[in-house]
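The first residue in the sequence is number 1, and the count goes up from there.
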Amino acid sequence: MSKIADLNNSLLLLNSIYSSLTKSEQKVADTVLKDPEATVFYTITDLAEKAEVGETSVIRLCRKLGYKGYQEFKLSLVQVLATPSEQVHGKIEESDDLDQIMKKMTSQNSQAVQNSTSLLNVQELQQAIDAILAARKILFFGVGSSGITAQDAKYRFMRLGFNVDAGSDGHIIAMNASLVEKGDVVVGISSSGSTKDLVDAVRLAKQKGAYILCLTNHARSPIANQSDVVLLATAKETPLQGGAFSSKLAQIHLLDILSTAVAMQMKDQTYRALEHTAKSVLDKLY
């Protein structure tokens, strides 16, 4: 990062160079300065839309500020706005005792699950169920923390008797995407919806004829633009909270609804599969 960005106060810096910005860049700056707290939760697409400019204007502004890209700018913004405690734990205060922390985290996680359920579109959920029931193969893709969620999803659907795999490495995801066929279902999992390795793989899988389902926190994200069905989770993450448990709980909750609904619509097959897989590990238990 340049010396400019090392000042570590992106808001002051933004004001200081404002007059030298282009009109489009000033629109982005105005949007950020108007509500910096909300900006830390925007994807680059969200910010560009709210400023009514192209994404390139956002990128240019970030680089003029001395940042390599939008994510680095957001990270600096979080550091300016929040105390060390708030950066990691949201609304939890340093003065909170253990009981208060426990209650706040429970409330935050419960709210993430409830909000995600309220956003769930029944028609889109049924479309996702129909695609999975008809799938030749199901592939769950995720990078970083979302890759762990993808592995959880693989385990669940494998126990239900589906031909399923999961990938979390960018190269493995790309190679798997290149081999999909029509009749396969690819499920892309990304809180931001903007992870390049994942979006590129999903785009490739779509070109190959796969049905694309995504699980994300952002309806207008790059991965959502490539998807046939979008399932929205609502837990918010700042750049310092990547992999926050509230986001993972919201993702797992939606996957639990999806897998349970799938199981209910093909009871005989899934019951047999659950019985077989349960028996297969009986000798692994004391």
Might you confirm whether atom [atom1] of [X] has over 12 heavy atoms from other residues, nucleotides or ligands at distances under 6.0 Å?
X      : atom1 : answer
Gln123 : CD    : no
Leu98  : CG    : no
Arg60  : CZ    : yes

Hey, does the side chain of [X] reach the backbone of [Y] with a donor-acceptor pair shorter than 3.5 angstrom?
X      : Y      : answer
Asp184 : Val180 : no
Asp228 : Ile212 : yes
Glu275 : Tyr271 : no
Gln100 : Asp97  : yes
Thr39  : Asp35  : yes
Ser107 : Lys104 : no
Thr195 : Leu198 : no

I want to check something: taking the side chain as every heavy atom from C-beta on, are [X] and [Y] in contact at a cut-off of under 4.5 Å?
X      : Y      : answer
Lys137 : Val185 : no
Leu33  : Leu14  : yes
Gln265 : Ile129 : yes
Ser259 : Asp256 : yes
Arg63  : Phe73  : no
Arg156 : Leu255 : no
Leu215 : Leu232 : no
Asn217 : Ser247 : yes

Between [atom1] on residue [X] and [atom2] on residue [Y], distance to nearest 0.5 Å:
X      : Y      : atom1 : atom2 : result
Thr270 : Arg159 : OG1   : CZ    : 11.5 Å
Tyr70  : Leu75  : OH    : CG    : 12.5 Å
Leu120 : Leu125 : CG    : CG    : 5.0 Å
Leu249 : Leu254 : CG    : CG    : 11.0 Å
Ile173 : Phe140 : CD1   : CZ    : 13.0 Å
Leu258 : His253 : CG    : NE2   : 12.0 Å

Shortest non-hydrogen contact between [X] and [Y], atoms and distance:
X      : Y      : result
Val186 : Ala205 : CG2-CB, 3.9 Å
Glu124 : Val229 : O-CG1, 3.5 Å
Thr216 : Ser192 : OG1-C, 3.9 Å
Gly147 : Ser168 : CA-CB, 3.7 Å
Leu21  : Ala29  : CD1-CB, 4.1 Å
Gly193 : Val199 : O-CG2, 3.7 Å

Say whether [X] and [Y], considering side chains only, have a donor N or O and an acceptor N or O under 3.5 Å apart.
X      : Y      : result
Ser24  : Glu52  : no
Gln207 : Gln226 : no
Lys248 : Thr149 : yes
Asp30  : Gln26  : no

For this session: Could you check Val28 against Glu25 for side chain to side chain contact (heavy atoms under 4.5 Å, CB included), going step by step and ending with a plain yes or no?
Result: CA-CA 5 Å; Val28 178; Glu25 291 163 357; 5.6 Å; no
For this session: Would you please test Asp268 and Arg272 for salt bridge (charged side-chain N to carboxylate O under 4.0 Å, His left out) and show each step?
Result: CA-CA 6 Å; Asp268 293 340; Arg272 286 195 301 271; 5.2 Å; no
Should [X] and [Y] be counted in the same cluster of Ile, Leu, Val, Met, Phe, Trp and Tyr side chains packed under 4.5 Å apart?
X      : Y      : result
Ile257 : Leu213 : yes
Val40  : Tyr42  : yes
Val58  : Leu65  : yes
Val230 : Val187 : no
Met158 : Leu274 : yes

Problem set entry | Lys208 and Glu181: CA distance, side-chain angles, deciding distance, salt bridge (charged side-chain N to carboxylate O under 4.0 Å, His left out) verdict | CA-CA 6 Å; Lys208 292 285 185 175; Glu181 302 174 7; over 6 Å; no
For this session: Report the C-alpha separation of Lys50 and Asp46 in whole Å, then their side-chain angles, then the decisive distance to 0.1 Å, and conclude whether the salt bridge (charged side-chain N to carboxylate O under 4.0 Å, His left out) test is met.
Result: CA-CA 6 Å; Lys50 290 184 180 297; Asp46 293 334; over 6 Å; no
Problem set entry | Ring geometry between Phe157 and Phe162 (parallel below 30°, tilted from 30 to 60°, perpendicular above 60°) | perpendicular
Exercise. Testing Lys74, Glu49, Glu55 for side chain to side chain contact (heavy atoms under 4.5 Å, CB included) with Ile44, which one passes?
Worked result: Glu55
Problem set entry | Residues Thr106, Lys103; criterion side chain to side chain contact (heavy atoms under 4.5 Å, CB included); working and verdict | CA-CA 5 Å; Thr106 300; Lys103 289 177 179 177; 5.7 Å; no
For this session: Test Ser191 against Gln251 for side chain to side chain contact (heavy atoms under 4.5 Å, CB included), laying out the working first.
Result: CA-CA 8 Å; Ser191 294; Gln251 290 177 344; 3.3 Å; yes
For this session: Take Asp197 and Phe141, measure what side chain to side chain contact (heavy atoms under 4.5 Å, CB included) needs, and give me the verdict at the end.
Result: CA-CA 10 Å; Asp197 282 351; Phe141 292 161; over 6 Å; no
